[in-house]
Visitor: 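I have a structure I would like to understand better, so I am pasting it below and will then ask my questions one at a time.
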There are 2 protein chains.
Amino acid sequence: MSVHDITYDVRMARWEPDAQNRLRDAALTLFADGGYERTTVAEIARTAGVTERTFFRHFADKREVLFDGQARLQDAFVGAVTAADGDAAPMTVVATALDAAAALFPPERRAFARQRAGIVAANPGLQERELLKLATLTDAMADAFRRRGLAEPTASLTAHTAVVVFHVAFAQWISPDEQRSFADLCRSATEDLRTVTAS
Amino acid sequence: MSVHDITYDVRMARWEPDAQNRLRDAALTLFADGGYERTTVAEIARTAGVTERTFFRHFADKREVLFDGQARLQDAFVGAVTAADGDAAPMTVVATALDAAAALFPPERRAFARQRAGIVAANPGLQERELLKLATLTDAMADAFRRRGLAEPTASLTAHTAVVVFHVAFAQWISPDEQRSFADLCRSATEDLRTVTAS
DNA sequence: GTCTATAGTGCGATAGAC
DNA sequence: GTCTATCGCACTATAGAC
């Protein structure tokens, strides 16, 4: 269902509601169709029925329209670390956090994730933004581990470990023909990493 | 070999030679002085005695002027992996690669690295570019490990391990009051990471 | 080397909700 | 009256096209 199908009371509203959702939907459609670079902000705004200026009120820049799932992912990760048992070993907490994150990527999201990844992979600027989001996530995780009493650089290294496993497992999850669940791929990658570092 | 190494005969040159070096020097000075955002490309070009157009012929975009050490770093990392003994364990190769990289950061470079890090830290766009460079480095490392016969996802996980240790050790190296050498910090971080993942 | 499209900012005006 | 979302317009800098 698209935003346009929402029933609302026209008599009280000065503008169509839900401008942010309309902008995101319009952007995704236009990017998938004509490519990220060839799609202008003016075009997105026009499609969503607002002005360019309104686009920039909802999104700090053109790239940001593709990255608003970030908050939920970070909450899942950090929430799991914060909620974990106080004397659990770091890698146990990492595994719990990865399970919490994996819940956000059920099988039915895989097709969408692949399409979105295609758009991002085709544009270096979007890759940069994706990496910044992962770095922000890493920083938030390191904070959470420090609040659990881990010192530096252990807190940072643990946070990086979690995000690297997530990153590598995600790349596998969206690769062609891959069937395994995201949670399974995370567990498998964690085990592989343990083997590598133990050598 | 880069353009910087070319020997010019000044008598034959229509322009002052070494425009790229002058542009980089001008940019660093102006960024440190007035901040990255408030410094325009026009200003950098004027200071270096060339036109704006010339700036963009030497650097793909405004940010790139801060990131040309990248090639040497990547060569050090990848070269060490490629040159390593064929049956050395992955973590042994990682340690060798980190030693090769550490050679690029002698004590006398620390002050400069701190100043540059301050500029980058103050601007999200520059952080994005730095992260993209690290990701490119990771990809190149993963390739080198695959050429050594490592399968996926082990090759990627090993490459990420090396870059994470580098990244965390670098952050420590430029932190205030830090005295230890970059190589020592790498070794120490590697050991910490081993302890974390073994838990 | 010039020209121009596009991203992104600053600010005042407007109109409805509360 | 205040708050919030929008418009509208003028403006700058980057970056790419020609």
Side-chain angles (χ1 to χ4, degrees), chain A residues 3-4 6-31 33-68 119-120 122-130 132, chain B residues 13-16 19-20 22-24 26-31 33-68 119-120 122-130 132-133:
Chain A
V3 242
H4 304 291
I6 293 175
T7 303
Y8 62 97
D9 190 340
V10 187
R11 292 167 303 177
M12 327 245 341
R14 192 163 166 223
W15 301 283
E16 299 270 332
D18 238 351
Q20 183 158 337
N21 282 330
R22 275 181 291 133
L23 282 164
R24 187 163 6 80
D25 290 350
L28 274 166
T29 308
L30 291 167
F31 291 164
D33 187 41
Y36 173 80
E37 283 160 19
R38 275 185 304 263
T39 304
T40 67
V41 172
E43 206 176 339
I44 299 167
R46 187 157 25 84
T47 306
V50 296
T51 64
E52 254 181 280
R53 196 67 189 79
T54 297
F55 178 95
F56 288 111
R57 220 170 291 106
H58 286 280
F59 304 101
D61 58 45
K62 184 182 170 186
R63 296 172 203 172
E64 202 61 21
V65 74
L66 276 167
F67 293 90
D68 39 5
I119 298 174
V120 173
N123 185 279
L126 294 173
Q127 293 168 52
E128 287 186 343
R129 181 57 51 86
E130 186 139 276
L132 184 65
Chain B
R14 268 180 291 174
W15 307 278
E16 296 278 327
Q20 184 159 339
R22 275 181 293 129
L23 282 165
R24 185 162 11 78
L28 275 166
T29 308
L30 292 167
F31 292 163
D33 186 42
Y36 173 80
E37 284 160 16
R38 276 186 303 263
T39 305
T40 68
V41 173
E43 206 176 341
I44 299 167
R46 186 156 27 82
T47 306
V50 297
T51 65
E52 253 181 280
R53 190 67 185 75
T54 299
F55 178 94
F56 287 110
R57 237 181 294 110
H58 286 281
F59 303 101
D61 57 45
K62 183 182 170 185
R63 297 174 202 171
E64 202 61 22
V65 74
L66 277 166
F67 294 91
D68 40 3
I119 298 173
V120 174
N123 186 277
L126 294 174
Q127 294 169 52
E128 287 186 342
R129 181 56 52 86
E130 186 139 276
L132 185 66
K133 296 294 185 181

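In the text below, chain A, chain B and the rest are named by the order of the sequence lines, each starting its count at 1.
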Visitor: Send over the distance from A:Arg63 CZ to C:dT6 C1', rounded to a whole Å.
Guide: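 Between C1' of C:dT6 and CZ of A:Arg63: 13 Å.
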Visitor: By nearest atom, which of the nucleotides C:dT6, D:dT6, D:dA13 is closest to the A:Thr54 side chain?
Guide: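 Closest nucleotide among those given: D:dT6.
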Visitor: Would you kindly check whether a donor in the side chain of A:Arg53 faces an acceptor in the base of C:dG10, or vice versa, at under 3.5 angstrom?
Guide: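 Looking at the base of C:dG10, it does pair with a donor or acceptor on the side chain of A:Arg53 (distance under 3.5 Å).
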Visitor: In whole angstroms, how far is the C1' atom of D:dT14 from the CD atom of B:Glu37?
Guide: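 Rounding to the nearest Å, CD of B:Glu37 and C1' of D:dT14 are 13 Å apart.
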Visitor: Could you state the CG-C1' distance from A:Leu23 to C:dA7, rounded to the nearest angstrom?
Guide: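 Nearest whole value for this atom pair: 16 Å.
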Visitor: Specify the separation, in whole Å, of atom CG of A:Leu126 and atom P of C:dA7.
Guide: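 Rounded to the whole Å, the gap is 13 Å.
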Visitor: Calculate the interatomic distance between B:Ile44 atom CD1 and D:dA15 atom P; express it in whole Å.
Guide: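 My rounded result for the distance is 11 Å.
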Visitor: Return whichever of A:Tyr36 or A:Arg57 has its heavy-atom-nearest nucleotide of DNA chain C closer to the 5' end.
Guide: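 Its nucleotide being nearer the 5' end, the pick is A:Tyr36.
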Visitor: Do the side-chain N or O atoms of A:Thr51 get closer than 4.0 angstrom to the phosphate oxygens (OP1, OP2) of D:dC7?
Guide: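 Checking A:Thr51 against D:dC7: at least one side-chain N or O falls below 4.0 Å of OP1 or OP2.
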Visitor: Rounded to the nearest angstrom, tell me the gap between atom CD in A:Glu52 and atom C1' in D:dA5.
Guide: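 My rounded result for the distance is 18 Å.
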Visitor: Tell me the closest heavy-atom pair linking B:Asp68 and B:Phe59, and the distance in Å.
Guide: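 Smallest heavy-atom distance, with atoms named: OD2-CE2, 3.9 Å.
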Visitor: Taking NZ, NE, NH1 and NH2 as the nitrogens, is one of them in B:Glu64 or B:Lys133 under 4.0 Å from a carboxylate oxygen of the other?
Guide: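 Yes, charged N to carboxylate O under 4.0 Å.
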Visitor: Choose from C:dT9, D:dC7, D:dA13 the nucleotide whose nearest atom is closest to any side-chain atom of A:Phe56.
Guide: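 Of the options given, the side chain of A:Phe56 lies nearest C:dT9.
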Visitor: Starting at CD of A:Gln20 and ending at P of D:dA5, how long is that distance when rounded to a whole Å?
Guide: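 Atom CD in A:Gln20 sits about 10 Å away from atom P in D:dA5.
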Visitor: When the distance from NZ of B:Lys62 to C1' of D:dA15 is rounded to whole Å, what number comes out?
Guide: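 Distance, rounded to whole Å: 12 Å.
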Visitor: Given 3.5 Å as the limit, does a donor-acceptor pair link the side chain of A:Asp18 with the main chain of A:Asn21, or not?
Guide: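 Not at all, since once roles are kept as given, no pair shorter than 3.5 Å links the two residues.
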Visitor: Would you indicate, yes or no, if D:dA5 has its OP1 or OP2 atom less than 4.0 angstrom from a side-chain nitrogen or oxygen of A:His58?
Guide: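 False: A:His58 side-chain N/O out of range (4.0 Å or more) of D:dA5 OP1/OP2.
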